[in-house]
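In what follows, chains are A, B, ... by sequence order, proteins preceding strands, each numbered from 1.
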Protein chains: 2
Amino acid sequence: MTSATDSRAHDAEVSAALRARGGRVTSQRLILHRALRELDRHATAEELLRVASERLPNLSLPTVYATLELFEELGVVRRVAVGSGPVLWDPRPEPHQHFACRRCGRILDLDVRVRAGAAIEAARAAGHAPDGAQLLVMGLCDACSRDT
Amino acid sequence: MTSATDSRAHDAEVSAALRARGGRVTSQRLILHRALRELDRHATAEELLRVASERLPNLSLPTVYATLELFEELGVVRRVAVGSGPVLWDPRPEPHQHFACRRCGRILDLDVRVRAGAAIEAARAAGHAPDGAQLLVMGLCDACSRDT
DNA sequence: GTCGCTGCAAAGTATTTGCATAGCC
DNA sequence: GGCTATGCAAATACTTTGCAGCGAC
């Protein structure tokens, strides 16, 4: 559960991160950040617009996209692309991976850590500067595999 | 290098897979399969259309999409989604992972195996029927990290 | 001959861009 | 006050759908 105290503490956190980047602290950004934290699950840009619009009615989709990209850079959200349907934005801070159902398209969390060290090391050895990794497991979900 | 003999052998392979699925063996499918194998790297649907069109001028984009999806089901290609830009289709049969540059958007191969067993096991434990997994490492590529 | 596959055109969805204004620092 | 961020509208990029005709089996 997210309390008002938590919100304020997290506001301060993002604000600091934004300023450190030379960015500005706007109500759009703070409200999107809260919406993301309170949802606590991957959401599309449209979903976030809907939720955040309740608090800031004129919020626009381009702003949502721009803000999400900024947050990604700040490490506040992770972009999760599946290949069918829109990109998802995941605010969960704990390391976890995703499962994508090939039939119904649902994306589900897998609460498991994966040793991606070898892959990150390989990237570094190839001269790149990796800053994150994510695993996507695919197949049929619980429900879809039952009514094949 | 791909010889004419290889092509014929691989044609037979896909043909068998297609028939086993109850699908038909069409020139579009065979030519797309060859184009994929000969490229031997991830390509977009448009790129494949361009390459394959040289041999089959009336080939259409909807057919390319449909065929790639079919091939994915047959295990001939892997869908690689990055979240910016179009989906890539990867024909490389050897297990490998990908690196995506956040700045220039390039997707590069990492020739490394990852132990995804734990994640696949977690998916199965949650009741799903996983059939594959892929790791995406992100960051700045070789070139982009140099001219920051 | 049947039924799945294809091509064409069109629609649909997701995301980005251009530009004038608002508002943080 | 300067310069970034926003909102609006429009454009673009990618992918899917509908349907009539062709061709594999």
Side-chain angles (χ1 to χ4, degrees), chain A residues 11-12 14-33 35 42-50 52-53 55-74 77 79-89 102-103 105 107, chain B residues 11-12 14-33 35 42-50 52-53 55-74 77 79-89 102-103 105 107:
Chain A
D11 282 0
V14 207
S15 299
L18 283 168
R19 290 213 176 82
R21 259 237 131 240
R24 290 179 182 172
V25 179
T26 65
S27 45
Q28 286 84 347
R29 289 174 179 178
L30 289 179
I31 284 174
L32 279 170
H33 186 243
H42 27 68
T44 66
E46 300 253 17
E47 281 175 316
L48 284 165
L49 176 65
R50 262 203 310 281
S53 283
R55 299 184 193 168
L56 195 66
N58 284 354
L59 185 62
S60 72
L61 207 38
T63 296
V64 174
Y65 279 107
T67 302
L68 285 169
E69 231 154 72
L70 178 59
F71 282 177
E72 183 185 26
E73 207 179 323
L74 298 180
V77 286
R79 180 195 300 245
V80 181
V82 183
S84 60
V87 167
L88 296 176
W89 300 87
R102 291 192 194 280
R103 179 161 309 166
I107 309 300
Chain B
D11 282 359
V14 207
S15 300
L18 283 168
R19 289 212 178 82
R21 266 256 125 198
R24 288 177 182 172
V25 179
T26 65
S27 44
Q28 287 84 344
R29 291 173 177 179
L30 289 179
I31 284 173
L32 279 169
H33 185 244
H42 27 68
T44 65
E46 300 252 17
E47 279 176 316
L48 284 165
L49 176 65
R50 261 204 310 283
S53 283
R55 300 183 192 169
L56 196 66
N58 284 354
L59 185 61
S60 71
L61 208 37
T63 298
V64 174
Y65 279 106
T67 304
L68 286 170
E69 230 154 75
L70 177 59
F71 282 177
E72 184 185 26
E73 204 179 326
L74 297 180
V77 287
R79 180 193 300 243
V80 181
V82 183
S84 60
V87 167
L88 296 177
W89 299 88
R102 291 192 194 278
R103 178 160 309 166
I107 308 301

Think [X] has a side-chain N or O under 4.0 angstrom from the OP1 or OP2 of [N]?
X	N	result
B:Tyr65	D:dT15	yes
B:Thr26	C:dT6	yes
B:Arg19	D:dA24	no
B:Arg29	C:dT6	yes
B:Ser60	C:dG7	yes

Closest heavy-atom pair and its distance - B:Leu49, B:Ser60: CD1-C, 4.0 Å
Over all atoms of both residues, closest heavy-atom pair of B:Val14 and B:Phe71: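 Heavy atoms of B:Val14 and B:Phe71 come nearest at CG1-CE2, 4.1 Å.
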Whichever of B:Trp89 and B:Arg24 has its nearest DNA chain D nucleotide further upstream toward 5':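 The residue mapped nearer the 5' terminus is B:Trp89.
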Nearest-nucleotide 5' precedence on DNA chain D, A:Thr63 against B:Pro62: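 Checking each residue's closest nucleotide, the 5'-ward one belongs to A:Thr63.
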Carboxylate-amine/guanidinium contact A:Glu72 B:Arg102, below 4.0 Å: yes
Whole-Å gap separating [atom2] ([N]) and [atom1] ([X]):
X	N	atom1	atom2	value
B:Leu68	D:dC14	CG	P	15 Å
B:Glu46	D:dT16	CD	P	13 Å
A:Asn58	C:dA22	CG	P	12 Å
A:Glu47	C:dT15	CD	P	12 Å
B:Glu73	C:dG4	CD	C1'	15 Å
A:Leu59	D:dT6	CG	P	9 Å

Exceeds 12 heavy-atom contacts within 6.0 angstrom, atom CZ of A:Arg21: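 Atom CZ in A:Arg21 is not crowded, with 12 or fewer foreign heavy atoms closer than 6.0 Å.
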Closest-nucleotide ordering on DNA chain C, the 5'-leading residue of B:Ser84 and B:Gln28: B:Gln28
Atom pair CD/CG of B:Gln28 and B:Asn58 - distance to nearest 0.5 Å: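 If I round to the nearest 0.5 Å, the distance is 9.5 Å.
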